[in-house]
Amino acid sequence: MDGNFETRGADGLVRITDGLATVEIAPAAGGALASYRWRKNGHVVDWLRPALPAALDSNDAGAMACFPLVPYSNRVRGGRFSFAGRTMELPTRPDDPHYEHGHGWRRSWTLAGHQQARAILRYRHDADSWPWSYEAEQRMGLVRGCLSIRISLHNLSDTPMPAGFGLHPYFPATPWTHIQADVTGMWETDAEVLPTRHVSPPAGANPTTGFDVAEAAFDTVFTGWTRRARITWPDEERLLDIEAEAPLDFLVLYTPPGEPFFCAEPVSNITDAFNRLDEDTGCMVLAPGESRSASVRFVPSQTV
């Protein structure tokens, strides 16, 4: 399936379909998905929050359905960290003081392969303020309405590189949307959503027992995740299972009050992992030429 194929539509989107599900991909918008939907019996079901026309026009990855997280997930305090005796300073701004989510969602990706139900995207980063070159890849496929995304990271530099990766999907939220995921702990955060201490999940909104999204206000990394989560929309009689692979051992839940969406993000590292290397933060170190990868499956079903 490798090779360069110019198969974009006039709107710049790449589409894959298996007859039941269709995924729209926006390579220019940080390699993001613009939508993932079923068309069945005359009905359309969006399993991820679809991008609005304004987001498509502006290539705004943060307003898409899902975007990749490379070469790390979440924030780096002040955009600064030390590694192997060097201090790194990432290009922060007043509206992005911790250089959130790294590079992938900010840059255009290359369509490297395309079949009816599959696509490959790649992003190559040349060393700059991040002093390592690397290549990231997403392999997306549809089978019987289920979406799989395999994300990988390859160190192209001649020195070890700290690393992390994951996915940032947005799901539709109704007043009755429910999520359940087995976890054992979570990181409390400060006013800048940076970790302060590891604690047990709150009794009233514990993902292990499940909770209604509308009743919580999380922007939180959960630990001890079994890499399985279930989202249900009982008012719409449907559900979706998230199935991830190691090293995506952390789950970020973002449930902003009053919004028609929420996020459940399978990731390999906690927030600010590079500044907490002496703790169990999920920070990987890729040797020169080394790659790591993991798949995430989104498995939807209608309960009637």
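At a cut-off of 3.5 Å, with distance as the only test, no side-chain donor of H103 or Y72 sits close to an acceptor on the other residue. No side-chain N or O of T281 forms a donor-acceptor pair with one of N269 less than 3.5 Å apart. S35 and E24 are linked by a side-chain donor-acceptor pair at a separation below 3.5 angstrom, with hydrogens and angles left out of the test. Neither side chain, S293 nor S152, offers a donor N or O lying under 3.5 Å from an acceptor on the other. E135 and H125 are not linked by any side-chain donor-acceptor pair at a separation below 3.5 angstrom, with hydrogens and angles left out of the test.
A cation-pi arrangement is present between R238 and W47 under the rule of less than 6.0 angstrom and at most 45 degrees off the ring axis. Within the cation-pi definition used here (under 6.0 Å to the ring centroid, within 45° of the axis), R106 qualifies as a partner of Y99.
Residue pairs that meet the ring pair (Phe, Tyr, Trp, His ring centres under 6.0 Å) test with at least one member in residues 51-71, sequence neighbours left out, are F67-H101, F67-W105, F67-H168. Evaluation of the ring pair (Phe, Tyr, Trp, His ring centres under 6.0 Å) test over residues 182-203, restricted to residues two or more places apart or in two chains, returns W187-H198.
In this structure, the side chain of S133 engages the main chain of A127 through a donor-acceptor pair within 3.5 Å. The main-chain N or O of A117 is never found under 3.5 Å from a side-chain atom of D18 such that the two would form a donor-acceptor pair.
R227 has a carboxylate O that lies under 4.0 Å from a charged side-chain N of D249, or vice versa, which qualifies the two as a salt bridge.
The aromatic rings of F261 and Y254 sit tilted, their planes meeting at an angle between 30° and 60°.
For the pair D212 and W176, the minimum side-chain heavy-atom distance is 4.5 Å or more.
Note that CZ of F262 is 9.0 Å distant from OG1 of T255, once rounded to the nearest 0.5 Å.
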